Amino acid sequence: MSKLTITLESHVMALLQNLADERNASVQEVATEVIEGALEDQREKARQRLLALIDATEGDVGPITWKREDLYDR
């Protein structure tokens with residue numbers, strides 16, 4: 001586990017503390033959950049962009065002119 005020190009505006013810290021109190025959790029647990037959620041959202045958006053790019057690509061491999069045996073020396 002790594003340690004991170006951040007500075008938050010007092011109103012943001014109050015909101016984070018209220019959320020932690022509502023969930024009966026620590027500020028660290030809630031902050032970690034929020035950060036992980038944001039990172040997962042970004043990962044999913046990147047995945048969706050990649051899938052859209054794959055769908056939009058009109059790549060063509062072309063004819064296969066080799067045999068499997070040609071690829072390996074036996």
Side-chain angles (χ1 to χ4, degrees):
M1 184 174 293
S2 298
K3 184 175 181 176
L4 171 67
T5 302
I6 61 173
T7 303
L8 300 173
E9 297 287 334
S10 59
H11 72 280
V12 174
M13 185 62 195
L15 291 170
L16 189 58
Q17 183 64 58
N18 288 340
L19 187 57
D21 292 344
E22 289 173 8
R23 294 183 180 183
N24 197 27
S26 70
V27 170
Q28 178 182 338
E29 290 170 332
V30 173
T32 299
E33 183 180 320
V34 169
I35 292 168
E36 285 175 343
L39 293 172
E40 183 58 37
D41 288 347
Q42 289 299 313
R43 183 179 299 129
E44 182 58 27
K45 287 177 185 177
R47 182 181 163 283
Q48 291 299 327
R49 286 191 308 268
L50 180 58
L51 290 174
L53 180 62
I54 290 169
D55 288 341
T57 302
E58 296 181 15
D60 185 20
V61 174
I64 297 174
T65 60
W66 45 264
K67 297 181 190 153
R68 184 176 187 274
E69 297 79 27
D70 296 337
L71 301 177
Y72 302 97
D73 289 332
R74 300 222 173 180

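Bear in mind that the values here come from a model prediction, so they are computed numbers and not experimental data. Numbers for residues simply follow the sequence, beginning at 1.
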Separation of [Y] [atom2] from [X] [atom1] (nearest 0.5 Å):
{"X": "Lys3", "Y": "Gln28", "atom1": "NZ", "atom2": "CD", "value": "10.0 Å"}
{"X": "Arg23", "Y": "Glu33", "atom1": "CZ", "atom2": "CD", "value": "4.5 Å"}
{"X": "Leu50", "Y": "Gln48", "atom1": "CG", "atom2": "CD", "value": "9.5 Å"}

Next item on the list: Check whether more than 12 heavy atoms from other residues, nucleotides or ligands sit under 6.0 Å from atom CG of Asp55, and answer yes or no.
Entry: yes
Checklist line | Hphob cluster co-occupancy, Leu19 + Ile6, side-chain heavy atoms under 4.5 angstrom | finding: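 As far as the 4.5 Å side-chain criterion goes, Ile6 and Leu19 are connected within one cluster.
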Next item on the list: Treat each ILVMFWY residue as a node, draw an edge where side-chain heavy atoms are under 4.5 Å apart, and state whether Leu4 and Leu39 are in one component.
Entry: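 Different hydrophobic clusters.
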Let me have the donor-acceptor pairs involving side chains of residues 7-17, under 3.5 Å, with sequence neighbours excluded, atom names and distances please.
{"from": "Gln17", "atom 1": "NE2", "to": "Asp21", "atom 2": "OD1", "distance (Å)": "2.9"}

Notebook entry, point to check: Taking only residues two or more places apart in sequence or in another chain, which ones pass salt bridge (charged side-chain N to carboxylate O under 4.0 Å, His left out) with Glu44?
Noted result: Arg47
Checklist line | Nearest heavy-atom neighbours spanning Ala25 and Val30 | finding: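 Shortest heavy-atom contact: CB-CG2, 4.1 Å.
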